[in-house]
Amino acid sequence: MPFLIVTFALYHYNSIFMSVVASIKQAAAAAVQALYQQPFTAADVSVNTTKPEFEGEYTIVVFPFTKFSRQKPEETGHALGAWLAENHPDLVAGFNVVKGFLNLTVHDQFWTAFVQDAHHNVHVGQQPANGKKVMVEYSSPNTNKPLHLGHLRNNFLGFSVSEILKANGNEVIKANLVNDRGIHICKSMLAWQLFAHGDTPASTGVKGDHLVGDYYVHFESILRDQAEPIISRVLEGNFKDFEGEQLERITKLHTALHKPEVQADTEKSGKIKDEIKELSRNRTEIMQQAKIMLQQWEAGNPEVRALWQTMNSWVYEGFEKTYKRLGIDFDKMYFESNTYLLGKDVVEEGLRKGVFFKKADNSVWIDLTADGLDEKLVLRGDGTSVYITQDIGTARLKYDDYQMDQSIYVVADEQNYHFKVLKLIMQKLGEPSADGISHLSYGMVELPHGRMKSREGTVVDADDLVEEMVSTAAKYTEELGKVKDFSEEELRDLYETIGLGAMKFFLLKVDPKKKMVFNPEESIDIHGFTGPFIQYSHARIRSILREFSAEDLSSLAAYRHTGSLLPMEKELIKINEQFGEVLAEAGRELSPSVIANYAFLLAQTFNSFYAKKESGKYIYSVRDAESEDKRKLRLQIASLTANTIRQSMKFLGIRVPERM
RNA sequence: GGACCGGUAGCUCAGCUGGAUAGAGCAGCUGCCUUCUAAGCAGCAGGUCAUUGGUUCGAAUCCAAUCCGGUUCACCA
């Protein structure tokens, strides 16, 4: 019979302990093997938390066992419960069976041992190193404009997932692939050249990324002005702005637009109009100039390169400030100006291997129709790269740099198709990095009135938003007046902690794959399922602990409660004990929202514990506990809860204050 | 049209590897500050889990079909 490792000795914070749920599962699997000689593993056992109306903490569903027990569910439950109570008396103190559910009462000693060892353990719930290396690429901004709301979800997700993976024992490399070249930055450069009269961040006092972004906006407005007459000419049937292939295309579009079936279909006609717009924009003088500038950049024109260097450096200075304020960091920066030519050699190899094929115009393709996708271009006829070519090359570069087991791309769900294709191509090429590629796809952040559109000026700027969140936090805090003795510096730090906490929590509490609506009023809320609620709960616990001396608190490490536990004492310890499982699940699912939900439950449970009143008395009072033993136990529980809240928020990238 | 994602309370979301009477927060309504921090707590009210069918001891959860919303299917990045 396989013996089980469920002893108190395991509860030492530098050793790996098994969670209660895992222990129960393993014990139950052993029970089934012993009682019914069935090969049953822990993973096959379904364990739930016991509903409050029944006695016990965890419940084993026994229906699956009745197949081979050949007994009624009740009888099977009793047999299983009796076996567990006899063979694991340390774990199972008692049981009852209701229909097909075996409710187990975990031995109080299990809980008290956990509190003793975990209450001051800053590594609670974490896993030791597992030897796996994971790269998380996130943020990946363009250098022509400042970060916006969409980037915030990306940044917080990427950072949080990285921290969660670290806590699960992985070595994590946080990477940022900056899109620092291309037509977009040339637009900013050109507009700056034409209109800035030499203005710099230093001369204007404008943050670098915003200054560059302002000229991008300037470019776009001029482009709009120049494109308008061309568009109207086209709509009137005057194509004098076009020649060659473009003329052919625009003529076709114009004809199509006037077909009655297209006129009736607003979606179709809208698409055609969009294409006409796009073609017209390309014919404007300013766009032509920008394109020339891009060619000069590619040819290495020293003046263009110098301007590019300068303006990018302004942007990086701005980004640096924003990242720092957000509490976001990276281990490795990649720049597209270094990677945009990569991938062509891989395509050559693929061509030789027969993974790709050439068309008559010399363009290179891959046929993915067998995989339910389309044919996909990987190299243009003139030998230049497309988006995916770069990504193929960059994937190889990253792997050459780090040989990681997994490479996670934090990118919005618009690009699901792209990453599916990328992984497939890498697999067909037999690249060692292929199987580790995964796309952490997240839904777009929308505003109450719809999607953000930069051309319509509905983009929410990240810096502005942070500023607004922080000042709102300041306003609330001042109204409550609880920290009047704080210094200027302490106050500023507190406002940052709360404002950013509210924003990060708001963006992380929802399942990443769901698109979300960003409602400014709700995101600033501090009540209910919010960051500040959890921060407040932490501050309150710290305030309780502050009543006790350092000696009092340090003596807790040697204390183990031996009496029985009251219901909410047990409940709180139980929830704290689940943190390890929660952290593991968040790692498996790459989902910070799992932790956000957990942290809220924990804070909420503590608040109930704190406020529980019977006949006018606070029955879980720490200070006025009914005995010295209970006082110590509750100090441990309070300390444990503050610790778990702090840790869980840390994995979301959110700080918790001592007072607020 | 194909592929992928979503549809759970008035609103925003948990729950989805099948388990007991579907949970939170917000908004609405009641109470509770001579309290270890009321940014809190306790309670009331609010549901055809998009629809239909199937699988089984058991379905919000799995399967199929349908309906609605989104994204995508560029020699843009």
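Reminder, nothing fancy here: chain letters follow the sequence lines and each chain counts from 1.
No engagement by Glu585(A) is indicated, since no non-hydrogen atom pair under 4.0 Å with the nucleic acid exists. Thr384(A) comes within 4.0 angstrom of no nucleic acid atom, judged by non-hydrogen atoms across all strands. Backbone-only engagement by Tyr417(A) is indicated by non-hydrogen atom pairs under 4.0 Å involving sugar-phosphate atoms exclusively. Residue-level contact check: Phe518(A) touches neither bases nor backbone, having no heavy atom under 4.0 Å from any strand. Within the 4.0 angstrom heavy-atom criterion, only backbone atoms of the sugar-phosphate kind lie near Ser608(A); the bases stay farther away. Contacts of Met660(A) with the nucleic acid, taken as non-hydrogen atoms under 4.0 Å apart, include base atoms. Residue Val61(A) is classed as a base contact, given a heavy-atom separation below 4.0 Å to a base. At a threshold of 4.0 angstrom between heavy atoms, the contacts of Lys509(A) with the nucleic acid are absent.
Asp44(A) has its CG atom 11 Å from the P atom of rG18(B), to the nearest Å. Following rounding to the nearest Å, Glu479(A) (CD) and rA38(B) (P) show an atom-to-atom distance of 17 Å. The nearest whole Å value for the distance from the CZ atom in Phe600(A) to the P atom in rG40(B) is 9 Å. Rounded to an integer number of Å, the gap from Phe506(A) CZ to rC26(B) C1' is 11 Å. Distance Met516(A) CE to rG7(B) P: 15 Å, rounded to the nearest Å. Atom P of nucleotide rC73(B) and atom CG of Asp367(A) are separated by 18 Å, given to the nearest angstrom. One interatomic measurement links the two molecules: CD of Glu74(A) to P of rA20(B), which rounds to 16 Å at whole-angstrom precision. Ile645(A) places its CD1 atom 14 Å from the C1' atom of rU37(B), with the value rounded to the nearest Å.
When the side-chain nitrogen and oxygen atoms of Arg380(A) are compared with OP1 and OP2 of rC76(B), one or more of them lie within a distance under 4.0 Å. Residue Arg542(A) has no polar side-chain atom (N or O) positioned under 4.0 Å from OP1 or OP2 of rC36(B). A sub-4.0 Å separation between OP1 or OP2 of rG40(B) and a side-chain N or O of His527(A) is present. When the side-chain nitrogen and oxygen atoms of Lys514(A) are compared with OP1 and OP2 of rA14(B), one or more of them lie within a distance under 4.0 Å. The side chain of Lys51(A) places an N or O atom within less than 4.0 Å of a non-bridging phosphate oxygen (OP1 or OP2) of rA20(B). OP1 or OP2 of rG25(B) sits under 4.0 Å from a side-chain N or O of Gln604(A).
Along RNA chain B, the nucleotide nearest Pro512(A) and the nucleotide nearest Asn416(A) are compared for position; the residue whose nucleotide lies closer to the 5' end is Asn416(A). Between Thr59(A) and Tyr536(A), the residue anchored nearer the 5' end of RNA chain B, judged by the nucleotide with its closest heavy atom, is Thr59(A).
Contact between Thr50(A) and Glu55(A) at its shortest, heavy atoms only, is CG2-O, 4.1 Å.
Partner assigned to rC44(B) is rG28(B), using Watson-Crick or G-U wobble distances below 3.5 angstrom. Of the nucleotides present, rU52(B) is the one that pairs with rA64(B) by Watson-Crick or G-U wobble criteria, both distances under 3.5 Å.
Between the P atoms of rU8(B) and rU61(B), the separation comes to 14 Å (whole Å). Nucleotides rA59(B) and rG54(B) are separated by 11 Å at their C1' atoms, to the nearest Å. Atom C1' of rA27(B) sits at a distance of 15 Å from the matching atom of rC44(B), rounded to the whole Å. Look at the C1' atom in both rG23(B) and rA9(B): the space between them is 11 Å, to the nearest Å. Going from the P atom of rC11(B) to that of rU48(B) covers 12 Å, rounded to whole Å. Nucleotides rA60(B) and rG47(B) are separated by 11 Å at their C1' atoms, to the nearest Å. Across rC5(B) and rA65(B), the matching P atoms stand 14 Å from one another, rounded to whole Å. Spacing of P atoms, rC63(B) relative to rG25(B), comes out at 32 Å, to the nearest Å.
The listed nucleotides are rU71(B), rG19(B), rA77(B); the one nearest the side chain of Phe63(A) is rG19(B). Picking from rC32(B), rA77(B), rC36(B) the nucleotide with the shortest atom distance to the side chain of Ser543(A) gives rC36(B). The listed nucleotides are rU37(B), rC75(B), rA77(B); the one nearest the side chain of Trp365(A) is rC75(B). In this structure, of rU37(B), rA20(B), rC13(B), it is rU37(B) that holds the atom nearest to the side chain of Ile544(A). Proximity note for Asn597(A) (side chain, C-beta onward) versus rA14(B), rC36(B), rA20(B): the nearest is rA14(B). Residue Lys515(A) places its side chain closer to rG69(B) than to any other of rG19(B), rA77(B), rG69(B). Between rC36(B), rG40(B), rA20(B), one nucleotide has an atom nearer to the side chain of Ser621(A) than all others, and that is rC36(B). Considering only side-chain atoms of Lys513(A), the nucleotide from rC5(B), rA24(B), rC57(B) that sits closest is rC5(B).
Judged by ring centres under 5.5 Å apart and planes tilted less than 30 degrees, Phe101(A) stacks against the six-membered base ring of rA20(B). Tyr610(A) does not qualify as a stacking partner of the rG40(B) base, lacking a centre-to-centre distance under 5.5 Å together with planes within 30°.
Checked against Leu440(A) for a side chain to side chain contact (heavy atoms under 4.5 Å, CB included), the options Val410(A), Asn154(A), Asp413(A), Val411(A) give a single hit: Val410(A). Among Lys612(A), Arg634(A), Lys632(A), the single residue meeting the salt bridge (charged side-chain N to carboxylate O under 4.0 Å, His left out) criterion with Glu569(A) is Arg634(A).
Using bins of under 30°, 30° to 60° and over 60° for the plane-to-plane angle, the ring pair Phe95(A)/His78(A) lands in the perpendicular bin.
A donor N or O paired with an acceptor N or O is found under 3.5 Å between the base of rA20(B) and the side-chain atoms of Asn103(A). Under 3.5 Å, the side chain of Asp361(A) and the base of rC75(B) form at least one donor-acceptor pair of N or O atoms.
Looking only at side-chain heavy atoms (C-beta outward), Ile498(A) and Tyr536(A) stay at 4.5 Å or farther from each other.
Here the CG-CZ distance, from Asn607(A) to Arg540(A), works out to 4.5 Å after rounding to the nearest 0.5 Å. The distance from the CZ atom of Phe335(A) to the CG atom of Asn179(A) is 11.5 Å, given to the nearest 0.5 Å.
By the 4.0 Å N-to-carboxylate-O rule, Arg646(A) lies close enough to Glu658(A) to be salt-bridged with it.
For the 3.5 Å distance criterion, the side chains of Thr41(A) and Asp44(A) qualify, holding a donor opposite an acceptor.
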